[in-house]
Amino acid sequence: MSRLTQPHPYPGKLFVVEGIDGSGKSTQLDLLHRWLVAEGYNVFFTEWNSSPLVKQTNKKGKKKNLLTPTTFSILHATDFADRLANMIVPPLQAGMIVLADRYVYTAFARDVVRGVHPNWVRNLYSFAVRPDIAFYFKVPIDVSIKRVTIGRAGLKFYEAGMDLGLSDDPVTSFRLFQSQVIEEYERLTEEFGLTVIDGSGPINEQQERLRDVVCNALTDYASHHPPMTIPELHRDAAAEITSSVTS
Ligand code: ADP
C-alpha cells in the first residue's frame, strides 16, 4: 500500500505547497518559513528538482530536449528520492518542521498531462511520506499568466510545456499546458485531500489562512516541541513580519 495514504510515523511536521507556476505558492511558503523561524521553530526548507544528484543530467536532457515523458518522470522521482532520504525524513525524525516547495502532486499533475499513466506515476512515488498538510494554490489561468509574464524576460521552455508541441507561441502553450495541469490538480484535491487556498486573493489574506491551518496542525506538536525561547531581537523581527503581511 502507498505510504501516501497514511500519516507518517515521525515526530516532525511536513507542510508542502502545490499549484501551477505563478500561483503564488513560493511567496506564501517563504512568508510562512520566516514566520515559523521567528516564532522559534526549527525549520528545514527543500524544493522540487534541486538534488545535486540529477541536476546535471536534467539540465543536459532539457537543453537538448532529449527527455521522453517517462525519462523526465523517472529523473524527477530520482531527485525526489534523494531529497526524501537526505533532506526530508532526517529532519522529520529529528522533530523539525519541513517545508517543501512542490511535492509528489507536482509529478502526479504534470507527468500525467505529458502522457504518463496516472497509476504508473503514483506507483513510482509510493515510497513518499504523506505530508501533514498539502496546500493547493488555486488560481485562474489568466491570473497566473499575468504574474509570470510581468517582469520576466520570457517563459521557460518546460514551464510553458513547449516540449508537448501544443503551440509555437510560449504564452499560448503555457495557457494550454497549465490549464490541463489545473484539471489534474482538481482531481488530486479530491483524491488526496489537498487544502485549497484561493491563490488569487491578497497576499496577506492567504498568509493568514495558511498560518491558521498550520497553527491547528501544530497544536499537538507544540506541546511536545515548545518553540525555542527567542531573544528580543528575533521577537522584534517576528512582530515586523507579522505586521507586514497582516496590515
Ligand atoms: P509560484 O511559486 O507559484 O510560481 P510565486 O510565489 O513565485 O509563484 O509568484 C509569482 C509572481 O506573482 C511573483 O512576482 C509574486 O510576487 C507575485 N504574486 C504572488 N502572490 C501574489 C498575490 N497574491 N497577488 C499578486 N501577486 C502575487
Side-chain angles (χ1 to χ4, degrees), residues 16-31 33 45-52 54-80 83 99-116 118 121 134-189 194 196-203 206-207:
V16 314
V17 294
E18 287 282 355
I20 60 168
D21 292 300
S23 60
K25 59 192 175 307
S26 309
T27 302
Q28 292 298 327
L29 194 64
D30 182 47
L31 286 169
H33 186 175
F45 169 82
T46 178
E47 64 187 324
W48 191 248
N49 205 19
S50 61
S51 156
V54 292
K55 221 169 192 167
Q56 287 310 319
T57 316
N58 232 332
K59 216 170 167 180
K60 262 191 201 160
K62 277 184 169 178
K63 213 171 188 175
K64 298 186 177 165
N65 199 9
L66 290 172
L67 304 171
T68 67
T70 314
T71 45
F72 209 13
S73 189
I74 291 170
L75 277 179
H76 280 134
T78 309
D79 166 86
F80 180 81
R83 286 185 305 107
L99 301 178
D101 192 336
R102 295 189 174 279
Y103 201 66
V104 298
Y105 312 106
T106 284
F108 296 174
R110 285 184 183 166
D111 294 357
V112 167
V113 170
R114 288 200 156 91
V116 171
V121 70
F135 291 103
Y136 167 50
F137 290 81
K138 186 173 171 164
V139 281
I141 188 70
D142 287 321
V143 169
S144 150
I145 290 176
K146 200 169 156 199
R147 288 182 190 163
V148 296
T149 49
I150 287 176
R152 281 240 220 135
L155 290 168
K156 290 186 222 147
F157 186 83
Y158 281 95
E159 80 179 344
M162 297 293 281
D163 55 309
L164 292 172
L166 300 168
S167 167
D168 288 340
D169 172 51
V171 176
T172 307
S173 179
F174 182 95
R175 176 184 295 281
L176 294 168
F177 172 59
Q178 299 283 359
S179 295
Q180 289 183 56
V181 176
I182 290 174
E183 281 177 29
E184 286 305 322
Y185 270 127
E186 294 294 325
R187 275 189 263 281
L188 295 169
T189 297
L194 309 184
V196 180
I197 302 286
D198 175 4
S200 53
I203 290 177
Q206 291 184 52
Q207 184 62 197

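The first residue of the sequence shown is numbered 1, and numbering continues consecutively from there. Quick caveat, the model's predicted, so the values are computed rather than measured.
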Can you name the side-chain hydrogen bond (donor to acceptor under 3.5 Å, both in side chains) partners of [X], sequence neighbours left out?
X    : result
D163 : R114
E186 : K138
S51  : D82
D168 : none

With [X] via side chain to side chain contact (heavy atoms under 4.5 Å, CB included) - residues at least two apart:
X    : result
Q206 : Q28, F137, I197
A134 : V16, Y105, P131, L194
T57  : L75
E47  : F45, S50, D101

From [X] [atom1] over to [Y] [atom2], what is the distance, rounded to the nearest 0.5 angstrom?
X    : Y    : atom1 : atom2 : answer
K25  : T106 : NZ    : OG1   : 7.0 Å
D30  : Q207 : CG    : CD    : 9.0 Å
S73  : L67  : OG    : CG    : 11.0 Å
I141 : Q180 : CD1   : CD    : 10.5 Å

Kindly indicate whether the side chain of [X], heavy atoms from C-beta on, has any atom under 4.5 Å from the side chain of [Y].
X    : Y    : answer
R110 : Q178 : no
L99  : T46  : no
L31  : I203 : yes
Y103 : W48  : no
D21  : F174 : yes

Self-check item: Residues which pass salt bridge (Lys or Arg N to Asp or Glu O under 4.0 Å) with D169, listed by chain and number, not counting sequence neighbours
Solution: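 Testing D169 for salt bridge (Lys or Arg N to Asp or Glu O under 4.0 Å), a comparison that skips the adjacent residues, returns none.
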Quiz item: Who are the salt bridge (Lys or Arg N to Asp or Glu O under 4.0 Å) partners of R83, not counting sequence neighbours?
Solution: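 Residues passing salt bridge (Lys or Arg N to Asp or Glu O under 4.0 Å) with R83: D79.
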Compare every heavy atom of [Y] with every heavy atom of [X], then report the nearest pair and how far apart it is.
X    : Y    : value
V121 : D111 : CG2-OD2, 3.8 Å
S173 : A160 : OG-O, 2.6 Å
E18  : V104 : OE2-N, 4.1 Å
V143 : S200 : CG2-CB, 4.3 Å

Quiz prompt | Sidechain N-carboxylate O distance under 4.0 Å for R175, D142 | solution =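 Yes, charged N to carboxylate O under 4.0 Å.
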Extract all donor-acceptor atom pairs below 3.5 Å that involve side chains of residues 151-158 and protein atoms in other chains or at least two apart in sequence.
| unit_1 | atom_1 | unit_2 | atom_2 | d |
| --- | --- | --- | --- | --- |
| R152 | NH1 | E159 | OE2 | 2.7 |
| Y158 | OH | N65 | OD1 | 3.1 |

Exercise. Output yes when a side-chain donor or acceptor of R102 lies under 3.5 Å from a complementary backbone atom of G19, and no otherwise.
Key: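 Yes; judged by distance alone, with no hydrogens or angles, the pair exists.
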Practice problem: Verify, without hydrogens or angle tests, whether S144 (side chain) and S23 (backbone) share a donor-acceptor contact under 3.5 angstrom. | Solution: no
Quiz prompt | Set of ring-ring contact (aromatic ring centres under 6.0 Å, His included) partners for Y136, sequence neighbours left out | solution =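 Scan of Y136 (ring-ring contact (aromatic ring centres under 6.0 Å, His included), adjacent residues dropped) gives Y185.
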Quiz prompt | Check: T71/T68 side-chain N/O donor and acceptor closer than 3.5 Å | solution = yes
Self-check item: Aromatic centroids of F72 and H76 separated by under 6.0 Å
Solution: yes
